[in-house]
Structure formats: structure tokens, C-alpha cells
Amino acid sequence: MRYIGNKENILDKIYSILIEHGVTGNSFFDFFSGTTNVARFYKKLGYKIYCSDVMYMSYCLQKAYIENGEEPSFRNLLPHINVDSAKLFALPLELVLEYLDTIPDVKGFIFNNYTPDGTKELSQPRMYFSNENGMRIDAIRQQIELWHKDNLINDSEYYVLLACLIETISFYANVAGVYAAFHKKWDPRAVKKLSMRPIEIIPNVTENLVHYGNSLDIVGQYDVDILYLDPPYNERQYLPNYHLVETIAAYDSPEIRGVTGMRGYENKKSTFCNSKTALRDLDFVAKTAKYKYLVLSYNTEGIMPQSEIMTTLSKYGEVALEEFQYLRFKSNNNGLAKTKKHVNEQLYILKRNEH
Ligand SMILES: C[S@@+](CC[C@H](N)C(=O)[O-])C[C@H]1O[C@@H](n2cnc3c(N)ncnc32)[C@H](O)[C@@H]1O
């Protein structure tokens, strides 16, 4: 998934640097989990995972990829649905996704607010999804909710389906990576008919714990070997950039406004998007959390100055700083143009003093 600060392409690099510094153990806390890519990587290595994020869309991904460890069987649901799969050995998840692709369209909250026909009375009709895909998303999202309410799917199956929907929509959204704006012409991929994609199911070797909300609220609750911090690095809050994914995940018909149909986000503002409060809270986390190693992913363009990060972290132990170049996707001009840009990724590695 395209997500600002997604570490998918540099996981191996991060891992090899951490190994060089002897940063290993059995438990890993992905404190700003986002897409869960880092948590997934460490889960596959057999670590016990803790993760958290203030975005509900991230929580759905955490439930499906991190907490869940079983291929969903859809035992209760399958006898109730009719799937005529062409695949010989289709997994239950594939069968259910195939079925979801065939249910009738619905004109619901997404069609009514984010497609051109649904918003034709606006001076600038919204073009986030084609009319057809808007109706597909409403139909699928409502069906998942109904199955869950009727106890035809359990919690894990519910979140696996939501994660599949979250991952799928990014292939059909008429945006340049973020949802802060939509294209005024159709991107060819946005006019293809939406078809649900399965997510990878990662087996559990141990129980993993996930959390939805401000991670600062759970600082100190878990004692971990590696505490991994990947906070926002500039003033841009995450919710405005992913408001529509959040709304599809929560499907809570929020009040929306403006050209983009943005939901409110007062309770989802990150203190890491302001340099003063970011340093204050970095200090709070480094001081209060329980860990052997604290690893901070940041970059040279971040709003917390390097010298101040070093001063803050050094209060709690020995700090090493590693830097490497990375070609990063950058969306600018309100998301309408995209450029590639070299940035210097940084890893601050704090080995905590014995105390
Ligand atoms: C740089 S992204 C993390 C990217 C992630 N490592 C990945 O690979 O996808 C930062 C994340 O921090 C979350 N966030 C910011 N402040 C937060 C807070 N106080 N508590 C929980 N999550 C927060 C944002 O919602 C966003 O998902």
C-alpha cells in the first residue's frame, strides 16, 4: 500500500543495520505501525509483536496481519453463499472474495459522497472513485458488516475482509497516493472494475497484541526488547491524507466537509507533527517505556533537529546514528504531481542503560 513513510522498501536495510548493532531479541513493539509492514517483517522472524496506531485503518491491518495467525475458514459463512469458483483449489478466503465481487451494487455513503454521480450537485463533483466502484465499495463494506452482525463471520474473519478491502481500494482510487485531493481526469486504473484482492496471512508463533489509539497512552505497559518508533516526520497529519480509507474502514457515515469531503480529526492529531511537542513526547517515550533497544526511524528533513534528538535520547543510554540514502515517493502540489526524491533515512539506535 502507498502510505507516507511506509518502510516496505527498506526493511532489509533497516534489519541489516540493526543486526550490525546487535539489536535483536524476542519481542518487538511497532509503536507507529501504519501499514504494519515493519511489524509483519518482525512477526515473520518469530518475534512477539506489539503494535499500535491512531488510525482505524491501521488497526484493521494490525488485527488481520499481526493478531490473526490463521487462514480464515469461513466455516459458518460458506454454507450460506453460492460461489461458482473456476479455481480448483481455492482457499475459503478466495471463495469469499470472489463472492463479494458478484453481489449487487449499492448506493451508500461512498457512492453518495465520493463519486461524480453521487456528488453531481456540487460545483466540483468528487472523483475519488468511479460511480461503479463507489457502489462496489458500498456493497462489499455493507455485506461484511452484515455478516459480522449476523455472526456468520468471527472477529478475525471480519478484520481479514476489511484488510482485503483496505488494500484493494488503493488500486482503484483516483488519487496520486494520498487522498488530500483527487484527479480531475480519470486515472486508467480508477475506471477498471474493482475486484477484491486477498491479503497474506502470517502464521503466529505466539500471541501478538494490537492497539487502536494514541500510542502514548500505552507507554510503559509492555516490556520489550526492541521498541521501534517511526513517527510522522513533518507537519502533515495522517488523517487528512487518508481520510477516505479511514471512512471506508470505519464506515461510520461521518460529517464531512470541503471540496474533498474530509471527516473531522481533532482527536487524531499527532504531537509528532510539531517540533516542540515531538521532542517532548520522544523524551517521554524514551524515559517511560520499557525496552532494551529503542530504534527511531527518521530522516534529515524531519522537524526534530538531529542534535536535539541526540541530546534527548542520550539521557537514557548510548546512542548510535546510522544514515542511508533512499529514493522516496513524494507527493506534492496537493497530491496532484508526484516526484521521486532522494532522502537521507536515519536510524537512531539507543541501547538503554541498565537501571
Ligand atoms: C511514518 S508512519 C509509520 C509507517 C509505518 N512504519 C509503515 O511502514 O507503514 C507514522 C504513523 O504514526 C501514526 N501516529 C502518529 N502519531 C501517533 C500517536 N500519537 N499514536 C499512535 N499513532 C500515531 C500515524 O497514524 C502513522 O500511521
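For reference, positions follow the sequence shown, starting with 1. Counting convention: from 1, in listed order, for ligands and their atoms alike.
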- Message: Need the ligand 1 atom indices (1-based, order shown) with element for anything under 4.0 Å from a heavy-atom of Ser270.
- Response: 15 (C), 16 (N), 17 (C)

- Item | atom 18 (C) of ligand 1: the protein heavy-atom neighbour that sits closest, reported with distance to 0.1 Å | Asn214 OD1, 3.6 Å

- Message: When you measure from the heavy atoms of Ser58 to every atom of ligand 1, does any distance fall below 4.0 Å?
- Response: no

- Item | Nearest protein heavy atom with distance in Å, relative to atom 13 (C) of ligand 1 | Asp53 OD2, 3.3 Å

- Message: Measuring centre to centre across the rings, with the benzene-like ring taken for any Trp, is Tyr238 within less than 6.0 Å of Tyr3?
- Response: yes

- Item | Ring centre gap for Phe31 and Tyr228 strictly below 6.0 Å | no

- Message: Tell me whether Ser33 reaches ligand 1 (any heavy atom closer than 4.0 angstrom to a ligand atom).
- Response: yes

- Residue, atom and distance of the protein heavy atom nearest atom 20 (N) of ligand 1 read Ser215 N, 2.9 Å

- Query: Between the side chains of Glu145 and Tyr158, is a donor N or O closer than 3.5 angstrom to an acceptor N or O?
  - Reply: yes

- Item | 4.0 Å heavy-atom contact, Pro232 with ligand 1 | yes

- Message: At less than 4.0 angstrom from any non-hydrogen atom of Pro231, what atoms of ligand 1 do you find?
- Response: 1 (C)

- According to the interplanar angle, ranging from 0 to 90°, do the rings of His243 and Tyr114 count as parallel (below 30°), tilted (30 to 60°) or perpendicular (above 60°)? tilted

- Item | Parallel, tilted or perpendicular: ring planes of Tyr56 versus Tyr59, cut at 30 and 60 degrees | tilted

- Task: Report yes or no: do Asn151 and Asn76 form a side-chain donor-acceptor pair below 3.5 Å?
- Result: no

- Do side-chain atoms of Asn112 reach the backbone of Gly108 as a donor and acceptor pair under 3.5 angstrom? yes

- Message: Looking at ligand 1, would Gly213 count as a contact under a 4.0 Å heavy-atom criterion?
- Response: yes

- Query: N/O of Ser52 under 3.5 Å from N/O of ligand 1, yes or no?
  - Reply: no

- For residues His21 and Glu322, is any side-chain donor paired with an opposing acceptor at under 3.5 Å? yes

- Among protein heavy atoms, which lies nearest atom 9 (O) of ligand 1, and at what distance? Thr35 OG1, 2.5 Å

- Message: Using a 4.0 Å cut-off to any heavy atom of Lys7, which atoms of ligand 1 qualify?
- Response: 7 (C), 8 (O)

- ligand 1 to Met55, heavy atom cutoff 4.0 Å, flagged ligand atoms 25 (O)

- Would one find an N or O of Tyr238, backbone or side chain, under 3.5 Å from an N or O of ligand 1? no

- Message: Can you confirm, on distance only, whether ligand 1 has an N/O atom lying under 3.5 Å from any N/O atom belonging to Asp30?
- Response: no

- Task: Establish, from distance only, whether the side-chain atoms of Lys43 and Asn204 form a donor-acceptor pair under 3.5 Å.
- Result: yes

- Take every heavy atom of Tyr3, measure it against each atom of ligand 1, and state whether any distance is under 4.0 Å. yes

- Just jot down the ligand 1 atoms closer than 4.0 angstrom to any heavy atom of Val54, in number order. 21 (C), 22 (N), 23 (C), 25 (O)

- Specify the protein heavy atom at minimum distance from atom 6 (N) of ligand 1: its residue, its atom name, and the distance to 0.1 Å. Asp230 OD2, 2.6 Å

- Note on the structure: For atom 23 (C) of ligand 1, the closest protein heavy atom turns out to be Phe32 CD2, 3.4 Å

- Query: Going by atom types alone, do Tyr251 and Gln142 pair a side-chain donor with an acceptor below 3.5 Å?
  - Reply: yes

- Task: Please confirm whether Phe41 and Tyr15 have ring centers closer than 6.0 angstrom.
- Result: yes

- Task: Using modelled atom types only, decide if a donor and an acceptor are shared between the side chain of Lys290 and the backbone of Thr288 within a distance under 3.5 Å.
- Result: no

